[in-house]
A.B. asks: 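To start, I am sharing the structure in question, which I have written as structure tokens.
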Amino acid sequence: MFRNRRMLKMLLPLVLAAVVLNGWLLYSFGHKQWVLRETRAYYEAGMQPVDNKDNVFYPEARVRYNDSLLKQPQNTARQIMAAEYGKAEALLQLGDEQQAIELLKDVVLRLKLFPGQSPGEDPRKLLAMAWLRRGERSNCIAMHSAGSCIFPIEGDGIYSDPSATKNGIDLYQQILADDPDDLASRWLLNLGYMTIGSYPSAVPPAWLIPGLDKDSGTVKVKAFRDIAGGLGLTSTRNEAGGTIVDDFDNDGYLDLVTSDWDPDNGMHFFRNNADGSFTDVSVASGLSTIKGAFNLLQVDYNNDGFTDIFVLRGGWRGEYGKMPKTLLRNNGDGTFTDVTVESGLVSLHPTQTAVWADFNNDGWPDVFIGQETTTFDDPHRCELWLNNKDGTFREVARQAGCDLTGFIKGVASADYDKDRRPDIFLSLRDGRKILLRNKGIHSGIPQFEDVTHQAGLDKDTTYTFPTWFWDYDNDGWPDIFVCGYTFKGSLAKDQAAEALHIPEPSAGTMYLYRNNHDGTFSNVTRSTGLDKAVFAMGANFGDIDNDGWLDMYLGTGNPDFQSLTPNRLFKNMAGTHFADVTGSARVGNLQKGHGVAIADLNNDGYEDIFVETGGAYKGDAFYNSLYCNPGQNDNNWITIKLEGVVSNRSAIGAHIAVTFRENGISRTVFRDVTSGGSFGASPLRQQIGIGKATTIDTVKITWPTPGKVQFFTHLAPRQFIRIREGEDKLTTIPLKAFPYKEREMQMNSVDCTPAPHKIS
């Protein structure tokens, strides 16, 4: 008995501990499940489309509002005109041009009867724009072709039905007769004449903007051709949205993913069939159910070897933009699973920009998210989510010193000071540009300091939008590109001013900051020829001619329907300056440019340009474009796919240096594994042009996590290779090149058949 009491006394604490532990585990599990349920409900609530009744961002709400105003019996003539004008503007945004035209005709007539009672801007301008949009719908959309809406308009881009556009032209001439200094109307008048094939001959001399049909640049490239329609990539028209080009099924061939910020519209997934065609697998993959996606990023967040997708929402929508991000796990079988709740990445803030990098160098990718704060009363702080290595994340922005507030439109990451720690650059709509230096790790959390002033990046205070790090001059140090987005209304005014060489102080500009190798940057915008008004939204970079120098394509626009300005392609001239080659390349789409990716989609060695075009409203939705690169020359190239082992599997942050001799001169081309910034994600695999070189002397890989360096020597060009971290032997990937299989031959065709994979 004594022995039993003694044993009981010994066991009692263990029993009590077990009871407490079991209770704690039960509570913890139950609490965790409750949190997951509540979080899921919170997340799913945020996924619902915003109620239109009070949201003035939605044209449907403004139609109802103006209808209610028109029903009031005590209306004055001015109040009636204001309500009809407001309703017509909303109808135009909804794509109902004909009803908008009828209302605006009434407003113009009433204004003649009641002069001096104008509801605001001259209603003839909106009516003229409605006629132009009616002509666009009847031609560019209803009879879409490879030349549709490509500036300068020519060939099959010229309207076969000019009737609506001619009505707009007549109105613009009346407007200019009353106000000869109206540059926006002058631009749109010239554009209208161009669409019906009457520019410049029929344009009244007083309003002519000369030379719009000429490629005035001294640098020419071979014409690209939009083949998206022939490949079935125009099965739907998108509003504003993002793009990813990457290999989602690990077959070596690049697929396409697009999104649309309309809460009713799902994502699209086009699988590359490795034979020149694509199959729409949006429904089968589950991506069609992911709606309202504004921007997209790719990453292998769980290091399982399959590329996942991160979805951003809410940008530009202010208080109505409190929408969740979505993390989509690639299941490796052609489907994706929403793991947002399980990963802990639930938060409701307006955003469209984020960047993935291994900020604490632990071998797992983390994500920094730039939020949009529009009022001090409702701040939305930036977030930094560290990867817990188990499929979950924790938010540490405050502890890391990067929980900034501002209207952030673009973020990018690179190791700008080469201390083997990824830093962050932010582009803001409030005029600031912010550089955050990663000082190192404290208690597992990276520590950032604002070094904007020390870096010399606080001198330019214009509004900016898309941004990225790149090594434009191949000196081994990442430079910064950021595009201005300062405007007051229509961009047509600025486009006319540039064409007429009239200084326009409100015009946005591009900014190129060269890395000085000492922690500072120099503004080289003017010396590199980039001091032009562009107003980019979507943007990305690549090497269209395999000369080893990175070029860039900028998708332009703003929500104003008058902002019909061409997207732009700039060719890098050996790191000294950039040449605008939009005209000769035939890639100047007048539609609003959003997600941009530059990639070799048919493995012929020449990078094509994919653009998700479409504006903020249903009436501004448009088709995707895939500009096929015909092959600019016989330059050589090599494509490198990196696979991290100690570093993150995607190898984001890895630094590549390719050395070769071209015409007897040794050259080195540098690339960092990243997908650019703001709108559009190019592949994580890197295609590197080497010009006329026939042998690659050295490929040097500096891996991000341990800083380990690997060398490979004497490689043949025109091949696809895989380099795995820590392995001395690289793998050649046996990918085939193929011509695109267009369903219909279109006018103005160019040869897009692939070049053979052999040393030229």
Side-chain angles (χ1 to χ4, degrees), residues 39-62 93-95 235-244 256-270 280 282-283 285-298 308-329 336-341 343 345-354 367 369-372 374 380 383 408-409 537-538 559 592 594-595 612-622 624 678-681:
T39 305
R40 184 179 293 279
Y42 184 57
Y43 172 72
E44 291 175 348
M47 283 291 293
Q48 301 305 310
V50 180
D51 189 350
N52 291 347
K53 67 178 181 180
D54 298 318
N55 188 350
V56 294
F57 198 93
Y58 287 90
E60 297 94 334
R62 295 200 299 280
Q93 293 167 350
L94 287 169
S235 55
T236 183
R237 291 185 295 120
N238 303 307
E239 295 174 44
T243 291
I244 302 173
L256 287 162
V257 175
T258 66
S259 66
D260 186 323
W261 82 332
D262 188 320
D264 295 326
N265 293 340
M267 293 168 57
H268 284 85
F269 181 19
F270 299 96
D280 188 338
S282 308
V283 174
S285 67
L287 293 185
S288 64
T289 64
I290 307 300
K291 300 184 177 182
F294 197 13
N295 195 18
L296 306 171
L297 298 168
Q298 83 272 46
D308 312 299
I309 299 175
F310 190 51
V311 175
L312 303 171
R313 296 183 180 87
W316 292 117
R317 295 185 185 270
E319 63 176 307
Y320 299 102
K322 296 176 183 178
M323 302 177 181
K325 294 79 179 167
T326 298
L327 181 62
L328 298 170
R329 185 185 67 218
F336 293 81
T337 298
D338 184 341
V339 294
T340 311
V341 173
S343 70
L345 277 170
V346 176
S347 67
L348 302 185
H349 300 283
T351 185
Q352 65 164 63
T353 185
V367 62
I369 303 172
Q371 320 281 19
E372 295 183 5
T374 53
H380 297 279
E383 296 175 330
I408 297 166
K409 296 307 299 177
M537 299 182 295
K592 309 298 171 59
H594 280 95
E612 195 266 25
T613 53
Y617 304 106
K618 287 182 173 66
D620 219 357
F622 203 69
N624 299 324
S678 297
F679 269 122

A.B. asks: Determine the sole option in D280, L256, V257 for which the side-chain contact (heavy atoms from CB on, under 4.5 Å) test with H268 is passed.
C.D. replies: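 Exactly one option meets the side-chain contact (heavy atoms from CB on, under 4.5 Å) with H268, and it is D280.
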
A.B. asks: Are L312 and L296 side-chain neighbours, meaning at least one heavy-atom pair lies under 4.5 Å?
C.D. replies: no

A.B. asks: How about K618 and Y58: do any of their side-chain heavy atoms sit closer than 4.5 Å?
C.D. replies: no

A.B. asks: With heavy-atom distances below 4.5 Å as the criterion, would you say the side chains of E383 and Q371 are in contact?
C.D. replies: yes

A.B. asks: Under 4.5 Å between any side-chain heavy atoms of L287 and I309, yes or no?
C.D. replies: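 A side-chain contact exists here, since the closest heavy-atom pair is under 4.5 Å.
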
A.B. asks: Of all heavy-atom pairs between P59 and Y617, which one has the smallest distance, and what is that distance?
C.D. replies: CG-CD2, 3.7 Å

A.B. asks: How about F310 and L345: do any of their side-chain heavy atoms sit closer than 4.5 Å?
C.D. replies: yes

A.B. asks: How far apart are the closest heavy atoms of G242 and S259, and which atoms are they?
C.D. replies: N-OG, 2.8 Å

A.B. asks: Would a 4.5 Å heavy-atom cut-off, applied to side chains only, mark W261 and R317 as touching?
C.D. replies: yes

A.B. asks: With side chains defined as the heavy atoms from C-beta onward, is the minimum distance between L94 and E60 less than 4.5 Å?
C.D. replies: yes

A.B. asks: Quick one: does V311's side chain get under 4.5 Å of M267's, heavy atoms only?
C.D. replies: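 Contact flag for V311/M267 side chains = yes.
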
A.B. asks: If only side-chain N and O atoms count, and only distance matters, is there a donor-acceptor pair under 3.5 Å linking R313 with T326?
C.D. replies: yes

A.B. asks: Taking only residues two or more places apart in sequence or in another chain, which ones pass side-chain hydrogen bond (donor to acceptor under 3.5 Å, both in side chains) with T374?
C.D. replies: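 Not a single residue meets the side-chain hydrogen bond (donor to acceptor under 3.5 Å, both in side chains) criterion with T374.
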
